[in-house]
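Notes follow once the structure below has been shown.
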Amino acid sequence: MAFNDLLGPADTIASVLVPVAVPGAYTYRVPAGETVVPGTIVKVPLGSREVLGAVWDVEPDTGIDPKKLKYISRVYTHARPIDADLRRFVDWVANWTLAPPGMVLRMVLRSEEALEPEAPVAGVRWVSGRQPDRKTPARARVLDILGDGLAWTKTGLAHAAGVSASVIDGLLAQEVLEVIEMPAAPPPPQPQIDYSRVALTPAQQVAADGICGCFEKGPSVSLIDGVTGSGKTEVYFEAIAEALRRGKQALVLVPEIALTEQFLRRFEQRFGTYPAEWHSEITPKTRVRVWRGVANGEVRVVIGARSSLFLPFLDLGLIVVDEEHDTAFKQDDRVSYSARDMAVVRGHLSGFPVVLASATPSIESRVNADQGRYLRFLLPDRASGAALPDLQAIDMRVEGPERGRWIAPALLSAIRHVFAEGDQTLLFLNRRGYAPLTLCRTCGHRFQCPHCSAWLVEHRFQKRLVCHHCGHFEKVPDTCPSCSSKDTLAACGPGVERVAEEVADLFPQARTLVLSSDIQGGPDRLRREMKIVEEGGADIVIGTQLVAKGHNFPKMKLVGVIDADLGLAHGDPRAAEKTFQLLAQVTGRAGRVTGGGRGFLQTYAPDQPVIRALLSADRDAFYAAEIDARRAAGLPPFGRLVAIVVSGPDKGLAEAYARAVLRSAPPAQDLTILGPAEAALAMVRGRHRYRLLALAPRRFDLQAYIRAWLSAAPRPVKGLRLQVDVDPQHFL
DNA sequence: AGCACGCCGACT
DNA sequence: GTCGGCGTGCTC
């Protein structure tokens, strides 16, 4: 102690962001002989453990008692310090999302192992001239491979020679082979800019040229707005090629891992090699390799989930956000952020182009483009020349099926036709299970979730009633729990299982397949089934939104939407937008490759704007109508929508708190509370969440406002979480 | 008494 | 986010 005090005043101090939920950086002493700069990655003692952190400031002004300061326990000299751009990004995201900066930094430091210097690989080599005592065939094969004098890894050699590792061990024991240190793993193969260029359509060429022209101009956002099959990927591949040409790295964000496989193949066709992948499912080894490669610049292109935004790129020059409208870009737990919006921010901070691509852009991106903040490139036709599917509505009030059936006669005859031709049909219903509601015919009892207020959905295959909100499930009873009568429970409405039952009844000879997220057997099974559909091994597919994304189904000629109104009923202000996006994606599957596709939308309200927009393929009209509708409802079309999510065990407290935040201290009058919306009350793993929607004026600094409110709160608020959901365009 | 479990605050 | 402290309540 006395020793430390003596040395203390001479020590350098540094503020370090630690990966815990504290409001700011902590201060540590820098051990004598070590140098740190802003961004240096370090290990520091925190409480009873050691944690990773990063130096955020050197020699900060702090009022902390110097006696309290501990020493940085390790400086990662081999890892490149986090550069100024990424540090600014971390701070920006922390401020925007009201998250502690250390928690944002945690997303950067995702692989502790990657910070260690790369370990040399042990290899084996033939000691020239040496021969084994007996030359068995296995030994001969090994020596044959090693004949050129090059070193191999033990496992690699065993594999190549088709022998077990013990053969090599035997040769090592006789000192015919020797162990040497090989240089660490060679750099990954580089994408070749001109490996295989495809001819672009005129519209694609205009878009590609426009985006490539942005690289000179500093920050920019381009929206590629193209119908399904219009070749958005080819366009942004040209942007990637341009980034590579300029020696920059590129990042492609996709909403789900499921979409990467097809992307990897297409990338390989264009650039001759695979890009690096980054998402939660990659192996720890790959994680280390990619993190290092991104940091040292050997990895040129990454495709990844939202977390790849926080990778420490050496020189990032382009971000592409594919399917930009997809809500999977929003992270809801821990630091809650929208990866699409934060991609725009990262591009802005570092001064490079960002490309958003979608067949059904989000309203906010459309408005940003309309108002000139984004460039917009329209791809109105399919690149293959195939015609868009011919869509029509079926008015269920006048031409619906008989009671207890869900497929209308018009759709039915179309399925018959397509089936007879040997082509595929997709029946789309975004509802898992057999029936969304079960009731007792005698007393009218309805099965409801004991935790949420949602109806329990019958899953007949599993013989369960399941809450799709919180995951609660129970056995299907024989008798009504309310009136005890036997065999009086009636299933109301369809789920995919029930539609599949109807299909099996109507088309006993057809090969049918149900694709929904609750199929048993994990992601492998799902991949296999997708492949079956892709290769034409199923005639009629009944699927939930799982089938809306990614995969190409070349034989799919007909898409029937069983309930096009589903999802429009609730109080979600984005319901129409989401339904439009989902149904456009789903119906776009029909005839995507070959053309000649047809689609049917079963609806009880064929005149509503969503249906009309889908039928006329006039998307502009839909966007205009939707923007008007939001204005009329007092909602902004985009941009100033603020959702304050407060979570905690007590709904009443959460609501009161959310309202108080928005109403208390000035300038609260600048905010308009719109009331609870979008999942007003949900149960997420046993925790209630309450979401309050409000409007903030364009330049209103909501973050500063909420922080001020929190510090002025009469009593500390516990157990509650805040989340701000705003399009940041206006704030850049 | 001894310990499993859950809540709460501290962590530089 | 994670740990340790301390309270409650139950048992080999």
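Each chain gets a letter, A, B and so on, in the order its sequence line appears, and its residues count up from 1.
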Under 4.0 Å between any heavy atoms, over every strand shown, what does A:S48 touch: base, sugar-phosphate, or nothing? Just pick one. sugar-phosphate
Need two values: the first and the last nucleotide of DNA chain C, 5' to 3', having an atom under 4.0 Å from any heavy-atom of chain A. C:dG1 to C:dG4
Close aromatic pair by centroid cut-off 6.0 Å: A:Y337 and A:F310: yes
Trace of the side chain to side chain contact (heavy atoms under 4.5 Å, CB included) decision for A:W56 with A:L105: CA-CA 10 Å; A:W56 227 238; A:L105 177 72; 4.0 Å; yes
Do NZ/NE/NH1/NH2 and the carboxylate oxygens of A:R106 and A:E112 come within less than 4.0 Å? no
Could A:D524 and A:R527 be called an ion pair, given the rule that one side-chain N must be under 4.0 Å from one carboxylate O? yes
Whole angstroms only, please: what is the NZ-P distance between A:K70 and B:dA10? 15 Å
Is A:R340 paired with A:E324 through a side-chain N to carboxylate O contact shorter than 4.0 Å? yes
Could you tell me how far apart A:E50 (CD) and B:dC11 (C1') are, to the nearest whole angstrom? 14 Å
Check every strand shown and say whether A:K68 touches a base, only sugar-phosphate, or nothing at a heavy-atom separation below 4.0 Å. base
Rounded to whole angstrom units, what separation is found between the CE atom of A:M103 and the C1' atom of B:dC11? 14 Å
Considering all heavy atoms, the nearest A:P312-A:L86 contact: CA-CD2, 3.6 Å
Spacing of A:K43 atom NZ relative to B:dC11 atom P, expressed in whole Å: 21 Å
